[in-house]
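All remarks here apply to the structure that follows.
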Amino acid sequence: MKLYLYHTPEETPSDSLPDCAVVIDVLRATTTIATALNAGAEAVQAFSDIDTLMAKSAAWVAEKRLRAGERGGKTVEGFDLGNSPLNCTSEVVTDKRLFLTTTNGTRALQRVEKAPVVITAAQINRQAAVNYLLAKKPETVWIVGSGWQGTYSIEDTACGGAIVDSIVQQDNISLSEITGNDEVVGAFSLYKQWENNLLVMFEHSSHGKRLLGLNCQDDLKYCAETDIMDILPIQKEPGVL
Ligand code: 3SL
């Protein structure tokens, strides 16, 4: 198994695909996806644009769908939910399909949707992603951070490092053995620096500050929790987890 880490979807090679892509958007899309599925959502269908989401969701039974998403962190007008994982309680999402659009996370998913296996990870379900990788040992794995409109987001890279850290803590796997590009070593070191203070790191990050400005302190706290659920969102068809 060789891991390659890309800070943003734009950095991923456009002429190849990995055996498995791990998409990360800790703040907040992949945290929301894990939370919704863990709470009993039937599926999450991700869209990078609102018009396509509206058209596809219109064909779904109204009682079985929720339109969710944000632009600039704020709920899209007329949608049932924003992009806060805290709103994805079992009372709200059980047996419903979430039609989700976000600024960066859903775009990252779209970038690698043709890979044979696509999973999503966040800090809250990091170990579920690691367990999958250790069980399947795909030859090439791309860990793809969502970033922010083409720029690096520290919390996504740190989560990639958390995945690397957990893998190398297993017997017989060394960092050098699984490292496909230097970004993997960088992400590992970043995570080791902040692993006991993730919330503080989020508060320093540009996206964390943006969310704090929208009064999303509780979201930040929740997104910084590690390994609190054993759910692995895995793509069933392009865009559907
Ligand atoms: O960019 C995204 O995909 C979002 O997760 C951003 S936000 O945290 O909802 O603002």
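Both ligands and their constituent atoms are indexed starting at 1 by order of listing. Numbering of residues begins at 1 and proceeds along the displayed sequence. The figures that follow rest on heavy atoms only: side chains count, while hydrogens, waters and symmetry mates do not. Just so it is clear, the structure is predicted and the values come from calculations on it, not from any experiment.
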* To do: For Gly73, counting its heavy atoms only, list the atoms of ligand 1 lying under 4.0 Å from any of them.
  => 10 (O)
* With Gln45 as reference, evaluate Glu237, Arg97, Lys56 under the side-chain hydrogen bond (donor to acceptor under 3.5 Å, both in side chains) test and give the passing residue. => Arg97
* **Contact check, His207 vs ligand 1, heavy-atom distance below 4.0 Å** => yes
* Atom indices of ligand 1, in the order listed, that fall short of 4.0 Å to a heavy atom of Thr103 -> 1 (O), 2 (C), 3 (O)
* Structure fact -> Closest to atom 6 (C) of ligand 1 among protein heavy atoms sits Glu70 OE2, 3.4 Å
* Side chain, backbone, both or neither: the part of Arg28 lying under 4.0 Å from ligand 1 by heavy atom -> both
* To do: Show which atoms of ligand 1 fall inside a sub-4.0 Å distance from at least one heavy-atom site of Ala29.
  => 3 (O), 5 (O)
* Asked: Does Thr32 reach the main-chain N or O of Asn83 with its side chain, forming a donor-acceptor pair under 3.5 Å?
  -> yes
* Mark yes when over 12 heavy atoms from residues, nucleotides or ligands other than Lys192 sit less than 6.0 Å from its NZ; otherwise mark no. => yes
* Atom NZ of Lys136 with >12 non-hydrogen neighbours under 6.0 angstrom -> no
* Asked: Relative to the heavy atoms of Gly105, which atoms of ligand 1 are at a distance of less than 4.0 Å?
  -> 1 (O), 2 (C), 3 (O)
* Structure fact -> What one should report as the nearest heavy-atom pair of Ala46 and Thr106 is CB-CG2, 3.6 Å
* Evaluating non-hydrogen atoms only, which member of Ile33, Leu109, Asn83 is closest to atom 9 (O) of ligand 1? -> Asn83
* **Atom pair CG (Leu211) and CG (Asp218), whose distance is rounded to the nearest 0.5 Å** => 12.0 Å
* Asked: Hey, is Asn104 touching ligand 1 through its side chain, its backbone, both or neither, going by heavy atoms under 4.0 Å?
  -> both
* So His204 and Trp194, would you call those rings parallel, tilted or perpendicular, with 30° and 60° as cut-offs? -> perpendicular
